[in-house]
Protein chains: 2
Amino acid sequence: MPPQLSTSSAPCCTLCPFRPACRLACGNAASLMPRTVTLRAGDVLYIQGRAARAVYPIRAGGVKQVFETGIGWRQVSGFLQPGDVCGLEAHEADAHDATVIALQDTECCAIAVETLRPMLRDDPGIRAAVVAMQRRHARRQAELLVAIGSMKAAQRLAMLLLDLAAEQARRGVADGVLTLAMTRNDIASYLGLTLETVSRLLSRFGAAGLIIVRQRKLRIVDPDGLAAVHADGDAVAAPAPPAAAQAGPPAIP
Amino acid sequence: MPPQLSTSSAPCCTLCPFRPACRLACGNAASLMPRTVTLRAGDVLYIQGRAARAVYPIRAGGVKQVFETGIGWRQVSGFLQPGDVCGLEAHEADAHDATVIALQDTECCAIAVETLRPMLRDDPGIRAAVVAMQRRHARRQAELLVAIGSMKAAQRLAMLLLDLAAEQARRGVADGVLTLAMTRNDIASYLGLTLETVSRLLSRFGAAGLIIVRQRKLRIVDPDGLAAVHADGDAVAAPAPPAAAQAGPPAIP
DNA sequence: CGCGAAGTTGAATGGGATCAAAGCACGTGG
DNA sequence: CCACGTGCTTTGATCCCATTCAACTTCGCG
């Protein structure tokens, strides 16, 4: 077993919708060999409003999507991880509808629209995968809208944590240790809160035994409890003093 | 000139994306003759999660979209007017992604997916119109997300009013009298507020001379002022007592 | 080691929610 | 025609959750 790589796993294409047509992923010499792009934390992949010339499947790392309204109000609108695809709007619009910024060292492919469009026309499998991806994104956005519109802060944060864990499970990671590549500020923006509130809630979740947090490493200890918080909001109220002997699980490795 | 119809104008197809292929709209005998549906206030057009067998262009009246999350939290997610199309997700999904309920007496067409799909395949014009409609909807949802996530109540309401006015202008109505078919509660749900807050803000906007409200009739007096409220939020703060002689415009006709 | 960015924690404030009570429009039936 | 009931709206008083302001700690990196 090789030594552990940085914090994220090596480039992973297993969830990429373009995998069957991609030489990087399946090795077929006759297939597409996409250009790749590498980004460092803070680098901008593309900017909202600029011409959309490609879509960008993420191979490793992580990015945030930032949306800016017509009058200049910005908000984080999503976090994308390996297996997700940035800029899918390119296949039916000519401009990007959000800005994408790397949260950590990130590697992604770039598939030009001139390559993409024939692929979508000719391959029903890929087309279906892309449509499915768009619908998942729309559904998540609708759920987020309701969360921000009518749920309390604790519910929103619980939702995000469960969401991140589900995403992680979807890409096959077994142990429940999440790495939050984004800052507290990014999380707060995404959830319509402030960074202080996010920090306080993470501490409170930790005190309640739902999670273990240490900086950007997070382990979900009690998924059912988190789900209860998401559904109820008052499930974790006062930071009850943990009495005496409570040999909780050791800190995150 | 016939006497004025109820409160909304007669069935209007001028903005319908399917107009060029529709006998109701263009009179071409060889074209499609869609089935029509009539609803009374409160009637349900379709329900989230049920099989999507058709799309429903609205000819007259108005409806609200209601989205329900996986754990049963509901929120109004949009208001649709004549020229809009309900259930457009049908062309790539097999289930409706929201519930649609009539706000008033409403008339709409029903175009079965079996009819829709060939139409979209063969007619680039219609396809483009449908894509444009979906993108406008996505953009509006993103703006709403930022508004609910980080704007104050007054800003959100100003945004909605300006939006409704713009929609009305888009369908060619000249005088600026809006008819709010939805209740204060619907507005509040859509904006992530409570009905009391919406009511108070409408009164405050009225006192500030931005609008004239009386029940569900609303006239925008000062669009620029409203835009300032949308951008700033503090533009209309204290309900300043209107001093003395201020012969404001007469009540809404 | 020292600096800046990110995170934690506390205390005070405020905006919107909640609770409560009238007021108003509209349909229904006496 | 008017009395009545119901649902929607308005307005007031109070409360509470999240924001704001501020101080301090921790981490990452030159």
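We name chains A, B, ... by the order of the sequence lines, and we start the count at 1 in each one.
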Checklist entry - Is it true that the side chains of B/Q75 and A/S150 contain a donor and an acceptor less than 3.5 Å apart? => result yes
Next on the checklist: Please check this pair: side chain of A/S189 against backbone of A/V76, looking for a donor-acceptor N/O pair closer than 3.5 Å.
Outcome noted: yes
Checklist entry - So what does A/L193 hit on the nucleic acid, given a heavy-atom distance under 4.0 Å: a base, only sugar-phosphate, or nothing? => result sugar-phosphate
Item to check | Bend angle of the helix from C/dC1-D/dG30 to C/dG30-D/dC1, from helix axes over five pairs at each end, nearest 10° | outcome: 30°
Checklist entry - Between CD1 of B/I211 and CG of B/L218, what distance do you get to the nearest 0.5 Å? => result 4.5 Å
Checklist entry - About how many Å separate OG1 of B/T179 and CG of B/L103, when rounded to the nearest 0.5 Å? => result 12.0 Å
Next on the checklist: Could you check whether any side-chain N or O of B/E89 sits under 3.5 Å from a backbone N or O of B/D97, counting only pairs where one atom can act as donor and the other as acceptor?
Outcome noted: yes
Item to check | Whichever of A/D234 and B/R216 has its nearest DNA chain D nucleotide further upstream toward 5' | outcome: B/R216
Checklist entry - Under 4.0 angstrom, heavy atoms only, what part of the nucleic acid is A/G192 near: base, sugar-phosphate, or nothing? => result sugar-phosphate
Checklist entry - Got a sec? Which of residues 146-161 of chain B come in under 4.0 Å of DNA chain C, heavy atoms? => result B/K152, B/A153
Next on the checklist: Return a single string for nucleotides 18-26 of chain C, one symbol per nucleotide in 5' to 3' order, where B is base contact, S is sugar-phosphate-only contact and - is none, cutoff 4.0 angstrom on heavy atoms.
Outcome noted: BB-----S-
Checklist entry - With a non-hydrogen cut-off below 4.0 angstrom, is A/G206 in contact with a base, only sugar-phosphate, or nothing? => result nothing
Next on the checklist: Nearest 0.5 angstrom please: B/Q65 CD to B/F79 CZ, how far?
Outcome noted: 10.5 Å
